[in-house]
Amino acid sequence: MSPVPEKPTLDGLETKWIAGWDASGVYAFDRSARRETVFSVDTPPPTVSGSLHMGHVFSYTHTDTVARYRRMTGRAVFYPMGWDDNGLPTERRVQNFFGVSCDPSVPYDPSFEPPFRGDPPRDHRAVPVSRPNFIELCEELTARDEKVFEDLFRRLGLSVDWSLLYATIDERSRRVSQRAFLRNLARGEAYTQEAPTLWDVDFKTAVAQAELEDRERPGAYHKVNFARTDGSGHVTIDTTRPELLPACVALVAHPDDERYVPLFGSTVRTPLFGVEVPVVAHPLAQPDKGTGIAMICTFGDLTDVIWWRELALPTRAIVARDGRILAEAPPGISSDAGLAAYAGLAGKTVKQAQTAIVEMLRESGDLVGDPRPITHPVKFFEKGDRPLEIVTSRQWYIRNGGREQSVRDAMLARGRELRWHPDHMHHRYDNWVEGLNGDWLISRQRWFGVPVPVWYPLDAEGNIVHDSPLVPDESSLPVDPSTDVPAGYDSSQRGVPNGFVADPDVMDTWATSSLTPQIAGRWGDDDTLFTSVYPYDLRPQAHDIIRTWLFSTVVRSHFEHGAAPWANAALSGWILDPDRKKMSKSKGNVVTPLDLFDQYGSDAVRYWAACARPGIDTAFSEEQMKVGRKLATKILNVTKFVLGAAGEHGDDVTEAIDRAMLARLAAVVDEATRAFDNYDYARALERTEQFFWWFCDDYVELVKTRAYEADGGPATGSARTALAEALSVLQRLFAPFLPFTAEEVWSWWQKGSVHVAEWPTPSGTFPLEPGSVAAFDHDGFLDAVCGTIASIRRTKTEAKVSQKAAVESVTVTAPEEMAAAVRSAWGDIAAAGSVGRAEINVGGDELNVTTVLATTA
RNA sequence: GGGCGUUUAGCUCAGUUGGCUAGAGCAUCUCCCUUACAAGGAGAGGGUCGGGGGUUCGAGUCCCUCAACGCCCACCA
């Protein structure tokens, strides 16, 4: 306990209590706890590729209030933190920060120094570095960023157990990630396949369905004529991608489209390139789109892939992995004119090729009219800058129901096992699962990630045997197949006939972060711990990553453990600018959390966050932070005042008004508890706060004279005990929201941390004696009493006199019960209102108060 | 095209199974240095609950319909 300060202040509370909590270990997880007494949180690991913003502060505060509540109800709270530092965002940040680019063909340089550490000049050309050097730089930068993140989260007052910290690139995560993958592989849930995949030409990697986004882009329809090979004229198609003409393998129309039925089975010749292609029928062709007949290319979009697969068409790929037209013409183009036309495109970017081919078509007369500009949605990698292309490559997949109805049904069933907060978020999950169109592509052609832990044997000719990958023993994980050697081989056999070769890919970030429950719970490394936290109680996360993080976690958990990974999923909303637009980093005027902590205090910022209903988008509002600061200040002041009269008291609460106040508080405790049990922290705060202001403005005002009575009897003892009880309950109710303020005021008169104090209960707050009337109408009582004092105040305000002005007489006329209430609390009312004479009559059907002010001398 | 959400005071939002005259905070206005707090306190004004229809003794709340805004998803030549 520390003494009540002369002048309470919020300044410095964060520093004081962060250190205090560290020293006392109040947030440490009790590893001896059994599963049923544990409350485990699958904390989202924030991406460490920049700075934390208000969105983080917002959603992490929500989770923290819930964790703190559970801790106070006696649960052993498992609340870890992790950093998502593996993957593309880090690579990109490292490139920009150090002015380097990764080139696997460069040899490792142990003494490498990057040209810059922060802000390379704009005209700087990236220096190529080896993959190991690049990874070292990734590690250096993430270590730096993670320190900043940790400091900020501590400042926010998150009650995480920092000893449970993990990073998605650390050794433990790599081990868990590779172990889970190998088990998926052994059970047939992971497989490799050579197939057309969406490809980002800048990052030069495959991307998954979950990482796509559509962007509206300008384009143009081009009408192009294909000559019929029987000489009977031509067919006109419409295309937005004329540059893919050399990749055309067929024309397609709807089977019922009478205009084209006669053409099915015949062939046409591509303009410029002279390739003979069939006219085919498929129900996906839309008669009302363009001319109703389209060209199928390998590959322009995902529909092309479907047509190509289902109609067993040949492959004529022309786009390389760097987004340029391949140097060599695809099979089928054999005429001199065709080859010459193709040579005019080779090496060009897709965009340049389009310009060139339109010119060629115009000259040859195969272009009908002018291109008609349109705006249309184009698929992009969500982190990318150029439209995705489709290239054929060998990739790793994990089954997720995209190709098998039975798996899909299982995933939908897992979704139904979860309790969703708010529950309409469940629709998004179902919506996503039902819309899957392929398995989960997990391999990436990148460097800073968890390596796919397999090698392949090479046959006598040095060809890779993909069908029989060599896998490491689980005990040797994590492995880096580019430096480690599979069992039965030695390093001299790498890359030589009859030797082996490493899988060159890494796994996508989501393939690792889908295992956060396993990583944080040390699955496979400490199974005692794992079984005491898994399945988790809560997964908090943002709603935009239901399709990625949430879904992929369910997939992994379903396959590995045959269970849903958590009981509850709580989805947080967005932070919006005050003008209701989604807050974006690019706006430049974004306030940093640290500035707000300095200006208003962490508790005030938390207050703003906790006011937002679960899952509801919320406007950024400094006004709310000011309100939060006011609330915190008020808690300091009212505590000081109440403790001036009352500490811990054992007197009986005998006065009706004191009992009514405690009964009202008990109802608030009940409601706050039920709200928290339902993950509705905002309601718990709202009800607590509403009571608190009433308590300060009315109750404390009414009883302060009696409570401060120097030689008071039982009535004074009653007030003091009630005040102390209410104060204790309120401080505990506020503790999840305003941890610094609550801890401070608690320390003035209580032992230990408020954050491990017992959460109040209704019966502990206002015990009803056996046989007493449970339906004590405390609200009716308090309304009558407070209505009377309010009326007296109103009279004074209207008369423009001070509230302490003396009142000559008050006449109250009210129905019997109200009159009785006013009569029983009259001593307090008279003291608070400086009232001289009173007359209380029974009558009428509502409260009627007449106040006569004393004439001033 | 499919799905979901939102719409209540000038602003931000509560309003839990339908039930007194629809609430809070901020902002505005008036007043008060009152023995914890002037970074405070006491009051006041302000709403045809998005539009229309229906069920009901009674609808902000339930049903139908329309609209605006936002989000998610979709095979978008």
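- At the phosphate of B:rU34, neither OP1 nor OP2 sits under 4.0 Å from any side-chain N or O atom of A:Lys704.
- Taking the P atoms as reference points, B:rG45 lies 12 Å from B:rG23, given to the whole Å.
- Where A:Gln803 and A:Thr633 each meet RNA chain B at their nearest nucleotide, the meeting point lying more 5' is that of A:Thr633.
- Using bins of under 30°, 30° to 60° and over 60° for the plane-to-plane angle, the ring pair A:His426/A:Trp420 lands in the parallel bin.
- Separating the CH2 atom of A:Trp574 from the P atom of B:rG5 is a distance of 19 Å, rounded to the nearest angstrom.
- Counting only N and O atoms by type, the side chains of A:Thr375 and A:Glu216 include no donor and acceptor under 3.5 Å apart.
- Nucleotide B:rU30 forms a Watson-Crick or G-U wobble pair with B:rA42, both donor-acceptor distances falling under 3.5 Å.
- The base of B:rU16 sits with one of its N or O atoms less than 3.5 Å from a complementary donor or acceptor on the side chain of A:Arg687.
- Look at the C1' atom in both B:rG51 and B:rU6: the space between them is 16 Å, to the nearest Å.
- When both pairing distances are held under 3.5 Å, B:rG5 makes a Watson-Crick or G-U pair with B:rC69.
- Pairing for B:rA22 is absent, judged as Watson-Crick or G-U wobble with the two contacts each under 3.5 Å.
- B:rU61 and B:rU17: their C1' atoms are spaced 11 Å apart (whole Å).
- A salt bridge does not link A:Glu671 with A:Arg674: none of the charged nitrogens is closer than 4.0 Å to a carboxylate oxygen.
- Taking atom P on both B:rA39 and B:rU28, the two are 16 Å apart, rounded to the nearest angstrom.
- For the P atoms, the distance linking B:rA74 with B:rC66 amounts to 26 Å, nearest Å.
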